[in-house]
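No hydrogens, no waters, no symmetry mates; every other heavy atom, side chains included, goes into these values. Proteins get letters first, then strands, A, B, ... in listed order; numbering begins at 1 in each.
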Amino acid sequence: MRSGRLLQTVALFGRILVGAGFLTAAVMKLTEPHPIPPARDGIETFARLLEVQGIVPEQLTLPVAWSVLSSEVVLGFALLWPGGSRFVLWCAAFVLCGFSAYAVTVFIHQGQVQCGCFGRILPDGLATVLARNTILTAALGPALLVGSSRRSPHRQHTGELAEA
Amino acid sequence: MPARSAHAGVLALLTFASAAPRLHAQSISDAHRAALDRIEAMYAAVGRVSIRATRVHDSRTEAVYELDVAADGTFIELYPAATAPEKKRSEHAGSLRAIIAFDGTTLRQGTLTVYDEYPMADYLVQVKSCAQWAKCPWPVVPLLCRRAAAAPDASIRAEGDASVLESRAAGIMLGWRDDGAMTRLRLGDPAVSFLDVTFRDFAPGASSVPPLPRLARVETSHRSRDGTMLTTTEEYAIEHLALLGPEGAGPVMFDAKALNLNRRDRATGDVVSPDGTKLYNEKEVSAVLDAAEGRGRERPWLLALVVATAIAAAWAGWRRLRQGA
């Protein structure tokens with residue numbers, strides 16, 4: 001019982017860590033104080049970086065940049081919302097794995113990757129990006145475990161019937 | 001504009017250096033040398049140039065800005081007030097203070113105190129602004145001609161109705177028509193990383209000035225590790241605002257000491273003076289500087305909001321846990 005409570009606490013703080021991480025990434029990108037000309041703001045700078053990385057087609061870089069930012073904001077708030085669904089957890093894990101896969105793809109393609117996940121283009125290597133995303137994905141693990149250990153109403157009902 | 005005049009003042013600190021190399025006598029015939037001298041003279045008459053560039057193939061960012069280009073490729077970027085809202089103008093105050101020099105092999109970009117160096121092979125050169133003056137290289141053409149012609153592998157050949165000067169060693173290719181109109185400029189190593197600019201739609205030139213184009217197509221290419229060439233293409237409508245003549249021309253060499261610019265090591269963040277003394281570490285003080293200059297002013301508030309939301313979520317989640325217990 002006590003370990004269950006501990007798991008729930010760890011799960012709660014895992015969700016908060018990842019949720020706050022997503023929101024921080026969105027804020028850092030959006031409020032970039034040093035946009036790279038001709039980009040005029042952080043989101044255009046991020047789009048320009050995506051363009052140069054050569055994976056996303058040029059005409060899609062700005063929509064993709066906005067999509068990444070939107071998904072970070074939505075997932076961030078959804079993870080911080082008390083009692084959020086497991087669907088949100090899976091979405092967050094999927095997005096983090098997607099970011100890692102993208103970083104690996106860029107690295108394979110170009111031999112280097114500058115992530116720009118947190119706005120300003122910092123010399124974050126592939127190892128830093130992968131380590132950060134792995135830690136954040138792992139932080140969602142307890143929340144997913146807690147979710148799967150809960151019985152759905154249907155399973156609870158069939159369990160009661162079996163006991164009878 | 002005050003920023004422009006401030007720049008002019010800083011750039012005026014520099015004096016013309018006699019850095020022009022001699023033509024490589026063995027590789028270029030006398031006839032070609034004469035043609036090259038004519039081109040150099042025509043473009044030397046352009047001096048400093050001011051243009052307005054409008055991105056035409058892609059309206060997503062509506063990039064409209066003015067460039068002042070000096071003879072060494074140093075340029076100042078200005079965002080016209082009419083095309084930028086008030087908020088953007090203040091954000092671009094940083095851009096107005098920037099000095100960006102690109103000599104075809106190394107990009108040096110910085111503020112009036114600090115600059116970074118980016119070798120052409122660094123793919124971040126594509127992210128930075130090296131392509132900007134390539135849209136209007138007219139003041140730089142004499143320097144490029146001299147540098148290419150001085151290289152041991154320099155050659156001039158006819159290509160269609162244009163003459164082409166090329167040196168792989170110097171990383172320069174220039175193409176021009178008989179009337180002096182510059183049709184093509186390539187900078188860098190075509191096997192690794194390069195800019196390729198083609199010019200079209202020429203306006204008739206004045207008496208001493210060659211025809212200048214109204215369209216510039218800038219291709220930036222970089223070979224990735226798996227061998228594929230990554231290319232981004234931008235097309236700009238060019239409006240020439242002012243040709244300031246030789247007397248308006250700026251420096252011919254980027255001289256960090258004359259500009260009192262300190263070099264920043266991008267890896268460590270160390271800022272080093274021209275005489276090699278470490279002054280400070282930029283990473284340690286950048287947050288303080290940004291706050292002092294008012295950049296990213298909303299960022300701390302939004303980050304505080306994120307922290308507050310996370311604390312509220314933790315508190316609400318903890319209460320739910322206790323109630324469930």
* To do: Report, as yes or no, whether the 6.0 Å neighbourhood of atom CZ on B:Arg319 holds more than 12 heavy atoms from other residues, nucleotides or ligands.
  => no
* Asked: Shortest non-hydrogen contact from B:Ala314 to A:Ile16?
  ->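 Heavy atoms only, the tightest pair is CA-CD1, 3.1 Å.
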* To do: Drop me the distance from A:Leu23's CG to B:Leu305's CG, to the nearest 0.5 angstrom.
  =>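 A:Leu23 atom CG to B:Leu305 atom CG measures 8.5 Å (nearest 0.5 Å).
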* Tell me, do A:Leu30 and B:Arg299 make a side-chain contact under 4.5 Å, heavy atoms counted? ->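 No, every pair of side-chain atoms sits at 4.5 Å or beyond.
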* Under a 4.5 Å heavy-atom cut-off, does chain B meet the side chain of A:Leu12, its backbone, both or neither? -> side chain
